[in-house]
Amino acid sequence: MRLSRYFLPVLKETPAEAQIASHRLMLRAGMIKQASAGIYSWLPLGLKVLRNIERIVNEEQERAGHVPLLMPTLQGADLWRESGRYDAYGEEMLRIKDRQGREMLYGPTNEEMITDIFRSYVSSYKDLPLTLYHIQWKFRDEMRPRFGVMRGREFLMKDGYNFDLDYEAAMVAYDRHMVSYLRTYERMGLQAIPMRADSGPIGGEDTHEFLVLAETGESEVFYDSAILDLKLADRAVDYDDAAQLASIRSEWTTPYARTDETHDEGVFAEVPEERRRTSRGIEVGQIFYFGTKYSEPLGAMVANEKGERVPVHMGSHGIGVSRLLGAIIEASHDDKGIIWPEGVTPFHVGIVNLRQGDAACDAACAEIEAQVAAKGLEPLYDDRDERAGAKFATMDLIGLPWRITVGPRGIAAGKVELTSRRTGESEEMTVEEAVTRLAAIYAGH
RNA sequence: CGGGGCGUAGCGCAGCCUGGUAGCGCAUCUGCUUUGGGAGCAGAGGGCCGGAGGUUCGAAUCCUCUCGCCCCGACCA
């Protein structure tokens, strides 16, 4: 993409409403525009990152054997009356009447609807286990939306639901979700710590929240620093191997890690003092086991091996897709702007032409653009007639992890400059070397 | 939902107290110069001052109502 043809409305000054780094930077980098309180338009750069996050979530879900579908944003009130949540959910649920006076709602979550789908078609244990998920916009009418996409009213969420014959099978699904979530966050360049949590209004018996450590997090968290050393990295995970899943889950849930809701000073005191940490965290996901809470009232039953009709055991699992943009920026930025992890960056490399209109520089930039694209990578070429400072400032702000700088001095010597956004380190090399280096960097992403 | 604040050009703000028909910086457009970290000079365009009522000869400014947004708290993915 050439910047002169793109739509990237960056702001030099910080809009007054933005309080925290991620909100400020998303507005300045031209990623989002507020439409009304807690509701945003996604501008091209923001949409690219949102789609990248979505893609990673999808890939990891499908890898775990979970099946995608898509349910509507608007739901009828009847199902929610059946589960008893129409009245229980409260003012946070946006209720709407259609022209016939039918009561509708903009879904804050989808347990009822997925259970209805399940009960309509599945009646035998032979069809289990089954996990269905979708990535869809949700609406929760927060009293006080704030912090940009971190706490919007409209938000994009992956929510998945597992259906299993009994408690033991549902626990395998629980472990499978835990592992797939750990992989998902790692691919986004995030360290998300599973913490024992409260079940809240969704209702549940066993639940973990995934927290990203950040100063601006909404929750106070207490943890054993040993958990920071755990990495899945290239570990081969077999999602059909229940014992392996359980062992990974156990590995990540053994070190103490809890939010203030479930924090226990007594247990925390047993952690060696030098490893005891208190911090703040942003919640980016949660997994629940809630048994037959919805299958019983909604009549989601299957026949077991003995021919008895039993309610299925369920769990639900969420990843805050739109909120993750905020969380990633909170965890990865500096005073000049965003620093995208390679896994989610909107463009793989920025090309800065320091002397637009100079034949040699223009030709070199076009060549780099073509070679980068030939490697399957997407460049953003700043071909505007701007001064060096302005181009650098824009690249730093929008946070592409790598930059190739092309100037008349270097070109005369057959060299360009490859710069890391994260470290600021630059190295001179030929165009071919730079392209090869980039291809190697992104090979793992 | 309680408490506080703010709506003036695309963005950031001044003007309001003490009424006289709107201004600054950045951005935008034109020209010249400049060209490795948000350039300089000269010129230009752009605002029914959130909306509605009222007071007044006259309202961005005073009064009433209303809509929107933000902050602190409670709540929440």
Side-chain angles (χ1 to χ4, degrees), chain A residues 9-20 23-24 27-28 30 33-39 89-93 107-110 137-159 181 192 195 197-202 207-212 217-219 259 261 281-288 316-327 335-337 352-358 361 382 384-398 403-412 415-417 419 424 426 428:
Chain A
V10 300
L11 304 174
K12 201 183 267 190
E13 286 170 291
T14 301
E17 73 264 23
Q19 301 297 312
I20 62 170
H23 189 194
R24 196 170 64 234
L27 290 169
R28 285 197 54 212
K33 180 185 192 305
Q34 179 167 317
S36 58
I39 302 179
Y89 216 95
E91 292 294 308
E92 234 182 43
M93 184 155 76
T109 178
N110 286 68
W137 293 93
K138 305 288 190 294
F139 196 92
R140 290 183 194 169
D141 199 359
E142 297 285 343
M143 281 178 203
R144 191 180 160 213
R146 57 183 133 171
F147 304 149
V149 301
M150 294 267 284
R151 178 125 178 243
R153 291 193 295 168
E154 187 184 51
F155 57 99
L156 188 61
M157 179 167 130
K158 171 264 164 181
D159 47 321
Y181 277 29
M195 301 198 177
D198 248 1
S199 53
I202 309 267
T207 176
H208 282 85
E209 289 179 339
F210 291 78
L211 280 290
V212 171
E218 72 273 41
S219 316
T259 65
E261 295 168 330
I282 301 167
E283 191 193 330
V284 293
Q286 185 158 13
I287 57 179
F288 299 90
S316 75
H317 319 277
I319 294 180
V321 173
S322 49
R323 156 175 267 222
L324 269 166
L325 273 92
D335 56 346
K336 289 184 289 194
V352 169
N353 187 343
L354 293 180
R355 190 70 62 87
Q356 206 70 43
D358 174 89
C361 288
D382 189 347
R384 296 172 304 166
D385 188 18
E386 287 287 344
R387 299 166 65 88
K391 292 191 177 190
F392 289 142
T394 298
M395 283 297 173
D396 288 345
L397 174 62
I398 68 173
R403 184 183 83 206
I404 295 179
T405 309
V406 177
R409 264 191 343 234
I411 285 301
K415 297 287 179 68
V416 296
E417 211 174 72
T419 306
S426 287
E428 289 211 333

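Throughout, a chain's letter reflects where its sequence line sits, starting with A, and its residues are numbered from 1. This one's a predicted model, so the numbers in the text were calculated from it and none came from an experiment.
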Fill in: Most 5' of A:E218 and A:R384 on RNA chain B, judged by nearest nucleotide
A:R384

Practice prompt. Report the residue (A:P145 or A:E209) whose heavy-atom-nearest nucleotide on RNA chain B is the more 5′ of the two.
Written response: A:P145

Straight-line distance of [X] [atom1] to [Y] [atom2], nearest 0.5 Å:
X	Y	atom1	atom2	answer
A:L211	A:I282	CG	CD1	9.0 Å
A:H317	A:T207	NE2	OG1	10.0 Å
A:R153	A:D141	CZ	CG	5.0 Å

Which base sits across from [N] as a Watson-Crick or G-U pair, both distances under 3.5 Å?
N	value
B:G73	B:C1
B:C41	B:G31
B:C16	none
B:C26	B:G10
B:C49	none

Identify whether any heavy atom of [X] sits under 4.0 Å from a base atom; if not, whether one sits that close to sugar-phosphate; answer base, sugar-phosphate or nothing.
X	value
A:M143	base
A:G152	base
A:A393	base
A:E417	base
A:G320	nothing

Go through the structure and list residues passing side-chain hydrogen bond (donor to acceptor under 3.5 Å, both in side chains) with [X], not counting sequence neighbours.
X	result
A:R24	none
A:E417	none
A:T394	A:R384

For [X] and [N], give me the distance from atom [atom1] to atom [atom2], rounded to whole Å.
X	N	atom1	atom2	result
A:R409	B:G37	CZ	C1'	13 Å
A:N353	B:U35	CG	P	16 Å
A:R24	B:C70	CZ	C1'	16 Å
A:I39	B:G68	CD1	C1'	13 Å
A:R355	B:A39	CZ	P	15 Å
A:M150	B:C71	CE	P	13 Å
A:R153	B:C1	CZ	P	13 Å
A:R323	B:C76	CZ	P	13 Å

Worksheet item: Looking at B:C76, does its base get a donor-acceptor pair with the side chain of A:R151 below 3.5 Å?
Response: yes

Verify the contact: side-chain N or O of [X] to OP1 or OP2 of [N], cut-off strictly under 4.0 Å; return yes or no.
X	N	result
A:R387	B:G38	no
A:K12	B:A27	yes
A:Q19	B:C72	no
A:R144	B:C71	yes

Worksheet item: Between A:N353, A:V416, A:L354, which is the residue that forms a side chain to side chain contact (heavy atoms under 4.5 Å, CB included) with A:T405?
Response: A:L354

Worksheet entry | Partner residues of A:F139 under the ring-ring contact (aromatic ring centres under 6.0 Å, His included) criterion, sequence neighbours left out | A:Y106

Response to the item:
Sorted by chain and number, sequence neighbours left out, ring-ring contact (aromatic ring centres under 6.0 Å, His included) with A:F210 holds for A:Y181, A:Y185

Fill in: Residue A:R146, side-chain heavy atoms: nucleotide from B:G38, B:C72, B:G37 that is nearest
B:C72

Worksheet item: Can you tell which of B:G37, B:G73, B:C70 lies closest to the side chain of A:F392?
Response: B:G37

Roughly how many Å apart are [M] and [N], using the [atom1] atom of each and rounding to a whole number?
N	M	atom1	value
B:G51	B:C41	P	36 Å
B:G23	B:G47	C1'	11 Å
B:U18	B:U61	P	14 Å
B:G4	B:U8	C1'	22 Å
B:C29	B:U66	C1'	39 Å
B:C26	B:U64	P	39 Å
B:A9	B:G36	P	36 Å
B:A27	B:A39	P	8 Å

Worksheet entry | Nucleotide-resolved protein contact map, nucleotides 6-16 of chain B, B/S/- at heavy-atom distance under 4.0 Å | -----BSS---

Worksheet item: A:Q286 and A:H208: side chain to side chain contact (heavy atoms under 4.5 Å, CB included), yes or no, with the steps?
Response: CA-CA 6 Å; A:Q286 185 158 13; A:H208 282 85; over 6 Å; no

